Protein chains: 2
Amino acid sequence: MAGIKDVAAEAGVSVATVSRVLNDHPSVSPDARSRVLAAVAALGYRPNAVARSLRTDQTRALGLVISDVLNPYFTELARSVEEEARALGYSVVIGNADERPDLQDHHVRTLLDRRIDGLLVSPADGGSPLMLEAARAGTPMVFVDRWIPGLDVPVVRADGRGAVRDLVAHLHGLGHRRLAIIAGPAATTTGSERVEAFRAALAEYGVGLPDAYVGQGDFQAESGRRATERFLDLPEPPEVVFAADNLMALGALDAIRARGMRVPEDIALAAFDDIPWFVHTDPPVTAVAQPTGELGRAAVRALVDRIEGRTPRSVTLPARLVVRRSCGESDEGGEGTGRPGAGAPAGAPETPASRVQRSTP
Amino acid sequence: MAGIKDVAAEAGVSVATVSRVLNDHPSVSPDARSRVLAAVAALGYRPNAVARSLRTDQTRALGLVISDVLNPYFTELARSVEEEARALGYSVVIGNADERPDLQDHHVRTLLDRRIDGLLVSPADGGSPLMLEAARAGTPMVFVDRWIPGLDVPVVRADGRGAVRDLVAHLHGLGHRRLAIIAGPAATTTGSERVEAFRAALAEYGVGLPDAYVGQGDFQAESGRRATERFLDLPEPPEVVFAADNLMALGALDAIRARGMRVPEDIALAAFDDIPWFVHTDPPVTAVAQPTGELGRAAVRALVDRIEGRTPRSVTLPARLVVRRSCGESDEGGEGTGRPGAGAPAGAPETPASRVQRSTP
DNA sequence: ATCTCCTGTGTAATCGATTCCACGAGGAGG
DNA sequence: CCTCCTCGTGGAATCGATTACACAGGAGAT
């Protein structure tokens with residue numbers, strides 16, 4: 001493969017001049033410039049990014065360590081990250097942690113070895129020594145979706161509290177009083193936050209969240225199935241299962257179907273993270289939708305700001321509720337179809353229409 | 001960040017010795033080795049992969065240019081590719097072409113500039129000059145799923161003909177005679193092959209495939225919707241729609257639902273590519289399942305063979321039919337529930353049970 | 001006409017590793 | 001005791017770019 005020396009020879013100039021043309025440095029004569037360009041075209045020369053990176057100490061590549069590529073939420077996130085990065089002139093190298101801290105560390109280490117300019121992470125755990133070390137060492141870094149508390153690293157994420165409150169209002173309005181949640185790993189922020197938001201919203205309606213109604217999941221489908229089976233085995237099973245991510249909702253659907261029960265007649269189901277398939281499941285699933293694409297783009301902008309010496313900002317975007325049929329039918333107003341006395345209590349929060357979308361496929 | 005020189009100084013040896021220890025070259029004394037190892041640990045030294053790559057002319061990275069990351073089939077493929085690559089000591093850099101040839105070229109160029117050791121591609125088109133040039137220039141390359149004819153590049157893919165024949169047998173047995181297909185872009189191999197396999201299987205049953213029953217799609221959901229609407233507007237609409245990939249099937253489901261029609265009562269639906277969500281759609285979708293994970297692994301093995309000087313082999317694995325409810329109910333035998341006279345004609349191919357799976361969720 | 005200053009260009013150092021080659025010490029064989 | 005290997009080691013070249021520095025030559029100022 002042709003190198004810069006070949007181009008220089010072909011154009012009858014020095015390598016310095018070739019380099020200057022390539023990086024359009026001002027002081028090159030029009031004549032030399034055109035000869036170099038001609039030589040580049042003739043030889044089909046492409047600069048060696050490896051050599052360039054060694055010299056300039058920048059790779060123009062971003063590392064993205066994602067919790068689970070098979071989760072459509074993260075797939076969409078990855079896609080938007082790549083798009084924005086490309087627009088800003090960066091490539092993205094993806095590492096899939098598969099919700100495993102050891103794999104996550106493997107990828108972080110590999111990416112660091114490859115000297116990526118910055119790291120975008122949605123941690124699968126509470127923070128390994130490696131990650132803490134990298135953050136402290138000053139590696140440009142941004143957390144997306146999940147984060148590790150106590151580190152001075154910008155976080156780009158969605159705040160689901162409002163939408164979860166809307167969801168609880170919706171469920172309460174339908175007359176449901178025994179509500180259960182399948183949580184993610186407590187070591188992740190999204191694992192614990194979603195439970196807390198749910199519990200707080202329930203409290204506003206005077207409804208408690210007993211321990212038996214908090215299932216332990218790991219954001220994978222199989223754990224959703226197991227947690228749901230445990231719920232169904234309870235002497236008094238819940239009327240609603242809220243899964244903290246879409247894959248666990250899938251598992252819950254499996255478990256419910258396996259018992260021959262129907263959604264929403266026998267039990268209601270809702271999920272965190274909205275995905276295109278929820279429109280087509282049987283029944284369509286009510287979900288809390290994150291502005292996924294916007295999160296990915298904001299995360300990249302924050303990271304690139306950090307890399308290029310500007311001050312990065314943390315970003316929190318609101319999630320919103322998308323009502324479908326999996327929790328029961330409701331009329332246009334969304335209230336009044338439940339059991340007698342199921343209206344919102346005095347002092348209960350208003351549900352801004354802007355945050356709730358009724359989806360009737 | 002500490003470099004090899006710092007390690008050498010710390011250990012009291014030369015950089016050459018440090019390098020030898022790191023690459024476990026035989027001729028290093030046990031004493032020097034342990035001093036170097038201690039220094040490495042003390043400084044937290046990690047070799048700079050960029051510098052190493054420049055010198056050795058290998059990056060131990062593979063490029064994967066995928067047609068569409070949002071398509072769960074490709075997501076799963078990407079995942080298995082990364083797994084196998086990691087097992088063999090390689091990283092994977094993914095580029096998402098979004099079914100756009102220009103984006104595909106962008107990624108191929110970027111990956112080549114970064115001097116990846118080899119390229120795994122599922123072409124979004126019939127072959128751009130850039131790709132042909134790269135293949136001819138001797139870049140280690142393997143095609144996966146789709147390929148470009150006329151190039152001496154190994155291909156790893158699934159052969160869907162048997163499964164499509166099984167599908168047609170299933171549909172014919174259910175009494176369907178007007179069968180339509182939503183094809184992918186003719187420029188892709190999977191775009192044209194699947195239509196041909198379908199047409200050939202129909203011919204075995206004496207059924208034709210009129211032009212009006214061949215919809216033009218681009219492997220994206222929206223095109224599936226449009227093609228389906230066109231089918232439904234026909235004076236004599238088809239009884240079955242077979243979508244050549246899962247996203248177009250999703251679009252078809254949308255279009256059918258939008259007309260207030262039901263699957264399979266009003267119209268039957270089948271898809272190429274099986275995905276986890278098809279179990280939970282309304283109704284569960286009958287699909288041709290590819291051995292996706294095995295394809296990804298085989299593709300990586302072929303590419304690494306090529307890179308490391310062994311002779312790579314093309315691989316073709318059989319797909320199989322997974323019967324669910326979207327084409328109509330059928331009894332255990334899968335035959336005889338259709339209209340009178342709907343049995344398989346004499347000489348029609350046998351349906352090996354091993355290739356057909358009945359899925360009753 | 002001489003002195004500056006500016007523009008365009010080339011030479012060479014540099015980034016952080018790998019690796020060829022030379023060399024000294026020490027053991028084996030004669 | 002001398003020669004010849006082998007083993008362990010270090011010096012220096014190398015990979016392909018970027019860039020600091022030096023410098024030649026022409027324009028403009030005095």
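Model, not experiment: these values are computed from the prediction. Chain identifiers are assigned alphabetically (A, B, ...) following the order of the sequence lines, protein sequences preceding nucleic acid strands; residue numbering begins at 1 within each chain.
- Rounded to a whole Å, the NZ atom of K5(A) is 13 Å from the P atom of dA12(C).
- A close approach under 4.0 Å does not occur between any side-chain nitrogen or oxygen of N48(B) and OP1 or OP2 of dC15(C).
- Distances from the side chain of A51(A) to the nucleotides dA17(C), dT9(D), dG16(D) place dG16(D) closest.
- S53(A) has no side-chain polar atom (N or O) that falls below the 4.0 Å cut-off from OP1 or OP2 of dC15(C).
- Judged by distance alone with a 3.5 Å cut-off, no donor-acceptor contact links the side chain of R115(A) to the base of dG16(C).
- Considering only the side chain of S27(B), dG8(D) comes nearest among dA12(C), dG8(D), dG10(C).
- Nucleic acid contact class of T56(A) (heavy atoms, under 4.0 Å, all strands): sugar-phosphate only.
- Residue A32(B) is classed as a sugar-phosphate contact, given heavy-atom separations below 4.0 Å to backbone atoms only.
- Heavy atoms of other residues, nucleotides or ligands lying less than 6.0 angstrom from CZ of R313(A) number 12 at most.
- Distances were taken from every side-chain heavy atom of V13(B) (C-beta onward) to each of dG10(D), dT18(D), dG10(C); the shortest belongs to dG10(D).
- OP1 and OP2 of dA17(D) both lie 4.0 Å or more from every side-chain N or O belonging to S19(A).
- The nucleotide whose nearest atom lies closest to any side-chain atom of R55(A) is, among dT18(C), dG8(D), dT18(D), dT18(D).
- Using a 3.5 Å distance cut-off with no hydrogens or angles, the side chains of R115(A) and S53(A) do not pair a donor with an acceptor.
- Counting to the nearest Å, the P atom of dG8(C) and the CG atom of D24(A) are 15 Å from each other.
- By the 6.0 Å contact criterion, CG on N23(B) is enclosed, its count of non-hydrogen atoms from other residues, nucleotides or ligands being greater than 12.
- Note on D57(A): nothing from the nucleic acid sits closer than 4.0 angstrom, heavy atoms only.
- Computed from coordinates, the R46(B) CZ to dA17(C) C1' distance equals 14 Å when rounded to whole Å.
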Q: List the steps, then state whether salt bridge (Lys or Arg N to Asp or Glu O under 4.0 Å) holds for E294(B) with R301(B).
A: CA-CA 11 Å; E294(B) 198 43 55; R301(B) 282 193 296 264; 3.0 Å; yes

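- Counting non-hydrogen atoms of other residues, nucleotides and ligands closer than 6.0 Å to CG of D152(A) gives a total of 12 or fewer.
- Mapping M1(A) and R33(B) onto DNA chain D by nearest heavy atom places R33(B) at the nucleotide closer to the 5' end.
- R20(B) has its CZ atom 8 Å from the C1' atom of dT19(C), to the nearest Å.
- Distance, Q58(B) CD to dT14(D) P: 21 Å, rounded to whole Å.
- The side chain of S29(B) has dG8(D) as its nearest neighbour among dT18(C), dT19(C), dG8(D).
- When distances are taken from the side chain of R52(A) to each of dT9(D), dG16(C), dA17(D), the shortest belongs to dA17(D).
- Among the nucleotides dG10(D), dT18(C), dT18(D), the one closest to any side-chain atom of S14(B) is dG10(D).
- Minimum atom distance to the side chain of A16(B) is reached by dG11(D), of the listed dA17(D), dG11(D), dC15(C).
- Following rounding to the nearest Å, D6(B) (CG) and dG16(C) (P) show an atom-to-atom distance of 9 Å.
- Within a 6.0 Å radius of CG in D57(B), other residues, nucleotides and ligands contribute 12 heavy atoms or fewer.
- When the P atom of dC6(C) is taken as reference, atom NE2 of H25(A) falls 16 Å away, rounded to whole Å.
- Distance L54(A) CG to dT18(C) C1': 13 Å, rounded to the nearest Å.
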